[in-house]
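Quick caveat, the model's predicted, so the values are computed rather than measured. Per chain, numbering begins at 1; letters A, B, ... match sequence-line order.
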Number of protein chains: 2
Amino acid sequence: MTGTMPSRPHDIADDLRRQITTGRIQPGERLPSETVLAERYAVSTVTLRRALAALQGEGLVEKIHGKGNFVRRPHRKIMYVGGWGTLDPWTAAEPSLRVSVHSTTVPAHGHLTTLLKVPVGSPLAEFSCLSVEEETPHGLAHIYMPRDLAPAGVLDDNSACRQAFARFAVLGPPPATTRETVCTRPPTPDEASALRIGSASPVLSVTRVSTDFTGRVVEAALLTFPGDRVDAVFTIHRVIDERQAQG
Amino acid sequence: MTGTMPSRPHDIADDLRRQITTGRIQPGERLPSETVLAERYAVSTVTLRRALAALQGEGLVEKIHGKGNFVRRPHRKIMYVGGWGTLDPWTAAEPSLRVSVHSTTVPAHGHLTTLLKVPVGSPLAEFSCLSVEEETPHGLAHIYMPRDLAPAGVLDDNSACRQAFARFAVLGPPPATTRETVCTRPPTPDEASALRIGSASPVLSVTRVSTDFTGRVVEAALLTFPGDRVDAVFTIHRVIDERQAQG
DNA sequence: CAGTGGTCTAGACCACGAA
DNA sequence: TCGTGGTCTAGACCACTGT
């Protein structure tokens, strides 16, 4: 033991953080196993795991069950653009992202009946999307719409069609109103593992509900992003005309 | 042991959460010590502490070292409504909130010059607002506008005038575009102390920039909310007219 | 199957708060 | 001083991944 010998999680995290930020350990590289690291730092696995959890919270480390801990590529922030009316506007604006889509039909239940204003059990088309940028997950989407509004072909297993759909599709006639509610909260366990973030790292959650001119809800989208990877931007343009000038 | 016997942290948290939300344990009340609870649930203290940490993350439990774990008073979420064009739309919608405003003049520097598109050192009117709901801080705002656009009287020490301004003022002519950027991040030390939250609880940060029809930035607002206390909602209404129907 | 991370236990010790 | 929460250890066992 020639160098320093940190003992608490904070010190261990500091040591590993330095090795990562100085390039001593390269992005994408796998860290030694937790057992080995615990021995090296002369701590228990629990203590070492606390250090790794801290680094994961900072977005420096990505944990993959059964494979190892990996140094994450530093990422720039990506914009979620509100009001686009596409399934996942963030993807349309970022061609480097890849999206995998899985579609099924589910009966409406619980919160969904409220969001879509449909009775319990009515059939909904569900699209589960995971967008990935250079191997690291970037966004998670669960999109629901009344089954009869889902475009034909999208529900088939034509992946190319679904890809195009997920990126650019506008849902029939443009929605009359789009309401987007943004909050921050801890991820669910499923979200944490899908996005490979810690359960303490907050996510940015966007609930988007689109309504047509008759007041019918045509789409509800539940979008989840790692808080440190996306900003959401909403723009309102006021039109110049007589009515507004007088009102 | 007549009832259920949860074993994992999640189940224990569920059980305690139920007891809290049903009023079985009252707000302000102290929970049994961690040792006692660990025995009661037949788990180790580490496991029990994970359950309590989860409840703390939900804002249901407050831990005080050396004293115990206490049930916290839950607070409802308040909406931030995007695109209103007032100084603090969340307040306009919530009459129970009180706002304190402090106004000064500062020279533009750093990030502000970029946001407002003004040269370094040009005079800006700054409004620092803290909104409070029933003794607990609810939102923090730093609002900047070019000095010559600030309404007369607002910069004086007329607090009633500032109150009205902060709640309802529309800044001269309505802005042509309002762009709001939302992100989540840990609070700065100042924010954490002003909002009385932990440095680990993320905040919802809204940066609102309003531009008039000439392209001049008329206002930049930096808004900060405790993540567990506010949602932000943005609505877009599409106008029916020939141009949109054809496009 | 072997190797990895994920979870849990029992017990030790330290740090804080109130009597 | 005592009871509380805060941290850590050593070891066991489970769950996931790739061979």
Side-chain angles (χ1 to χ4, degrees), chain A residues 5-16 20 25 28-57 59-72 130 132 135-137 186-201, chain B residues 1 5-16 20 25 28-57 60-72 198-200:
Chain A
M5 180 52 64
S7 59
R8 310 188 304 102
H10 181 264
D11 299 327
I12 298 175
D14 276 351
D15 191 57
L16 290 172
I20 291 172
I25 312 179
E29 199 173 332
R30 215 206 72 180
L31 295 175
S33 79
E34 298 185 348
T35 314
V36 169
L37 284 175
E39 283 173 10
R40 178 178 305 176
Y41 287 109
V43 297
S44 72
T45 61
V46 176
T47 302
L48 183 106
R49 282 175 53 71
R50 294 231 175 103
L52 288 179
L55 296 176
Q56 189 187 23
L60 286 175
V61 162
E62 188 172 331
K63 305 179 75 84
I64 305 182
H65 191 164
K67 292 186 68 174
N69 297 288
F70 297 83
V71 176
R72 227 175 161 193
L130 176 66
V132 175
E135 308 303 316
T136 61
T188 67
D190 282 350
E191 290 168 346
S193 104
L195 296 172
R196 297 195 199 133
I197 58 177
S199 59
S201 315
Chain B
M1 301 305 172
M5 180 53 65
S7 60
R8 311 185 302 104
H10 181 263
D11 298 327
I12 298 174
D14 276 351
D15 191 58
L16 290 172
I20 291 172
I25 311 179
E29 200 172 333
R30 213 206 74 180
L31 295 176
S33 79
E34 298 186 348
T35 314
V36 169
L37 284 176
E39 283 173 10
R40 177 178 306 176
Y41 288 110
V43 296
S44 72
T45 60
V46 176
T47 302
L48 183 106
R49 282 175 54 70
R50 294 232 175 103
L52 289 179
L55 296 175
Q56 188 187 26
L60 286 175
V61 163
E62 188 172 341
K63 303 177 79 76
I64 305 182
H65 192 166
K67 291 187 71 176
N69 298 287
F70 297 83
V71 176
R72 219 175 164 193
S199 59

Please give, in whole Å, the distance from [N] [atom2] to [X] [atom1]?
X	N	atom1	atom2	answer
A:Leu52	C:dT7	CG	C1'	15 Å
B:His10	C:dC8	NE2	C1'	17 Å
A:Arg196	C:dG5	CZ	P	14 Å
A:Lys63	D:dC16	NZ	P	16 Å
B:Tyr41	C:dA10	OH	P	17 Å
B:Glu39	D:dT4	CD	P	10 Å

| Side chains of A:Leu31 and A:Leu52 in contact at under 4.5 Å (non-hydrogen atoms) |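 A:Leu31 vs A:Leu52: side chains touch.
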| field | Heavy-atom check, side chain of A:Glu62 versus side chain of A:Asn69, under 4.5 Å | value |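 Sidechains of A:Asn69 and A:Glu62: no contact.
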With respect to the side chain of [X], which nucleotide from [options] is positioned closest?
X	options	answer
A:Ser33	D:dG5, D:dC8, C:dT4	C:dT4
B:Arg30	D:dC8, D:dT4, D:dT9	D:dT4
A:Val46	D:dA10, D:dG6, D:dC8	D:dA10
B:Pro9	C:dG5, C:dC8, C:dG11	C:dC8
A:Glu34	C:dG5, D:dG5, D:dT9	C:dG5

| Flag for A:Asp15-A:Tyr41: side-chain donor and acceptor within less than 3.5 Å | yes
Does a nitrogen or oxygen in the side chain of [X] sit under 4.0 Å from OP1 or OP2 of [N]?
X	N	value
B:Arg49	D:dG6	yes
A:Asn69	C:dT4	no
B:Lys67	C:dA18	yes

| Would B:Leu60 and B:Arg72 count as a side chain to side chain contact (heavy atoms under 4.5 Å, CB included) if you check the C-alpha gap in whole Å, the side-chain angles of each, and the deciding distance to 0.1 Å? | CA-CA 5 Å; B:Leu60 286 175; B:Arg72 219 175 164 193; 5.9 Å; no
| task | Using the closest heavy atom to pick a nucleotide of DNA chain C for each, name whichever of B:Leu48 or A:His65 lands nearer the 5' end. | result | A:His65
| said: Here's a test for you: under side chain to side chain contact (heavy atoms under 4.5 Å, CB included), which of B:Val46, B:Leu48, B:Thr45 qualifies with B:Glu34? | reply: B:Leu48
| Of A:Gly66 and A:Arg50, whose closest DNA chain D nucleotide lies nearer the 5' terminus? | A:Arg50
